[in-house]
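To keep things clear, I will list the structure first and then write my remarks on it.
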Amino acid sequence: MDLMTRRRFMGTTGLAAAAPLGSTLSAMTPQNPAAKSGSLRIEKDIVFGKGGKTDLHLDIYHPPAGTEKRMATIHIHGGGFTGGSKETLVERVPPYATRGYVAIAVQYRLVGETKWPSQIEDVKAAIRWVRANATSLGFDSEKIAVVGHSAGGQLALFAAGTPNRQEFEGKGGTPGVSTQVVACCAYYPGTDVRPRPDGTANNLLPPGSDEAAHRAASPLTYITKDFPPTVIFHGTADTTIPLASSERLFKQLRDAMVPTEFHIIEGVPHVFDSNKEYAESAAALADFFMDRHIVHPRTWGPPAAAGGGGNRGGGRGRG
């Protein structure tokens, strides 16, 4: 696909044209009012469940007073399932909290300790704990989104597509609570689980896993019309997970009529949001997406006349 055709494709299907994210966002979204509204309060290393014999921990970033949106975002780190931790998100979670979300970074077990489906079981245990504690944390228990990066994006997508599926719920804690989420933010996510080139099982799965097991572990398998609204971010210079992976994800979501946006950021690599400017800019776009689909549902319309109410509350739009 040549550049001109590609640009036209993005313009007609809802993809954001590739552009330097930080340089264009200020013209598209309002400045973040929370940044000047007080400091964040952070609670560290709270045990939310148990994975096997391992205590699972999370960090809670409380929004500044007066900015609360009464919605939670659960943040899932990357690392190829072999490394990484919630501590790698310390610069990427605050941009959500400063915009009014109760933003929660969670731990899950890596493949060096245990194979699939332990990773998604830990994420679902976190969703249950967060929902069960909604009142004390100050948000609506029906408004929980998942935000994932790389391998964490894969887990976020999987959680979004498999609410309350018993084969993936596990026994990590807070039984009997729903794992339904209302939105998904996927940063340069893994989207598919495939065998190694030599035919052996993917490192995520137990040895000897067959093709059916690989399909069952792939988020794309669970995309239906009931998938929650999803926003995707991916850089054109990503050599770890190719841009084409998110292009396929976007197409499958659109084919299923799922409200979705796809922001392609020109010239940036994998984990582009380790740069604070890009983390802030992407969070602003995710915030706008969730605000118009979940926090204050509305459809697009022409600017309201002076004194008019606009389209706020007019129904959920299609991204």
Side-chain angles (χ1 to χ4, degrees), residues 30 32-35 37-49 56-77 86 89-90 92-108 122-149 152 155-156 159-160 163-164 169 172-187 227-231 259 279-280 282-298 312-313 316:
N32 173 19
S37 301
S39 60
L40 300 178
R41 180 168 63 89
I42 304 172
E43 296 182 79
K44 296 281 290 183
D45 292 323
I46 297 170
V47 175
F48 69 84
L56 300 172
H57 300 84
L58 54 76
D59 301 336
I60 305 172
Y61 296 70
H62 295 271
T67 69
E68 300 91 339
K69 291 189 171 177
R70 294 192 54 77
M71 180 169 172
T73 52
I74 295 175
H75 297 253
I76 312 167
H77 69 82
K86 60 184 175 60
L89 300 177
V90 293
R92 288 176 269 179
V93 177
Y96 282 80
T98 58
R99 287 172 170 83
Y101 300 94
V102 179
I104 302 168
V106 302
Q107 173 189 0
Y108 60 89
D122 295 349
V123 169
K124 285 173 173 279
I127 296 171
R128 292 194 299 271
W129 186 94
V130 169
R131 172 164 281 117
N133 288 276
T135 299
S136 63
L137 293 175
F139 70 89
D140 183 342
S141 65
E142 297 303 311
K143 293 182 178 179
I144 298 173
V146 282
V147 182
H149 304 257
L155 290 171
N164 306 315
E169 293 296 305
T174 325
V177 177
S178 173
T179 53
Q180 184 87 41
V181 298
V182 295
C184 178
C185 306
Y187 288 71
F227 205 90
T230 298
V231 59
E280 286 283 352
L285 289 168
D287 175 32
F288 182 62
F289 180 82
M290 291 190 289
D291 189 82
R292 70 188 184 94
H293 285 290
I294 309 300
V295 180
H296 300 110
R298 59 196 185 273
R312 189 173 294 276
R316 191 174 76 182

Check: [Y] and [X] side chains under 4.5 Å, non-hydrogen atoms:
X	Y	answer
Ile60	His62	yes
Phe48	Asn133	no
Cys185	Met290	yes
Val182	Pro229	no

Rounded to the nearest 0.5 Å, how far does [atom2] of [Y] lie from [atom1] of [X]?
X	Y	atom1	atom2	result
Cys184	Leu155	SG	CG	10.5 Å
Tyr101	Arg70	OH	CZ	14.0 Å
Ile127	Ile144	CD1	CD1	7.5 Å
Glu142	Ile294	CD	CD1	11.5 Å
Leu56	Trp129	CG	CH2	12.5 Å
Tyr108	His77	OH	NE2	4.0 Å

Exercise. Of the options Val147, Asp122, Val123, Ile104, which is the one that meets Ile76 in a side-chain contact (heavy atoms from CB on, under 4.5 Å)?
Worked result: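 Of the listed residues Val147, Asp122, Val123, Ile104, the side-chain contact (heavy atoms from CB on, under 4.5 Å) partner of Ile76 is Val123.
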
Problem set entry | Of Asn164, Thr179, Thr174, the residue whose pairing with Lys124 passes side-chain contact (heavy atoms from CB on, under 4.5 Å) |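 That would be Thr179.
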
Side chain [X], main chain [Y], donor-acceptor under 3.5 Å:
X	Y	answer
Gln107	His57	yes
Arg292	Arg298	no
Tyr187	Gly152	no
Arg128	Gly173	yes
Thr73	Met71	no

For residues [X] and [Y], report the shortest heavy-atom separation together with the two atoms involved.
X	Y	value
Val146	Ala156	CG2-O, 3.6 Å
Glu169	Pro163	OE2-C, 4.4 Å
Phe289	Pro259	CZ-O, 3.8 Å
Ser178	Arg131	O-NH1, 2.7 Å
Ala103	His75	CB-NE2, 3.6 Å
Ala283	Pro95	CB-CB, 3.6 Å

For this session: For Lys143, enumerate each residue passing the salt bridge (charged side-chain N to carboxylate O under 4.0 Å, His left out) test, keeping only those at least two apart in sequence or located in another chain.
Result: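 So Lys143 forms no salt bridge (charged side-chain N to carboxylate O under 4.0 Å, His left out) with any residue.
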
For this session: In plain terms, say whether Arg99 and Asp291 are close enough for a salt bridge, that is, a side-chain N and a carboxylate O under 4.0 Å apart.
Result: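 Judged by the 4.0 Å cut-off on N to carboxylate O distance, Arg99 and Asp291 do not form a salt bridge.
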
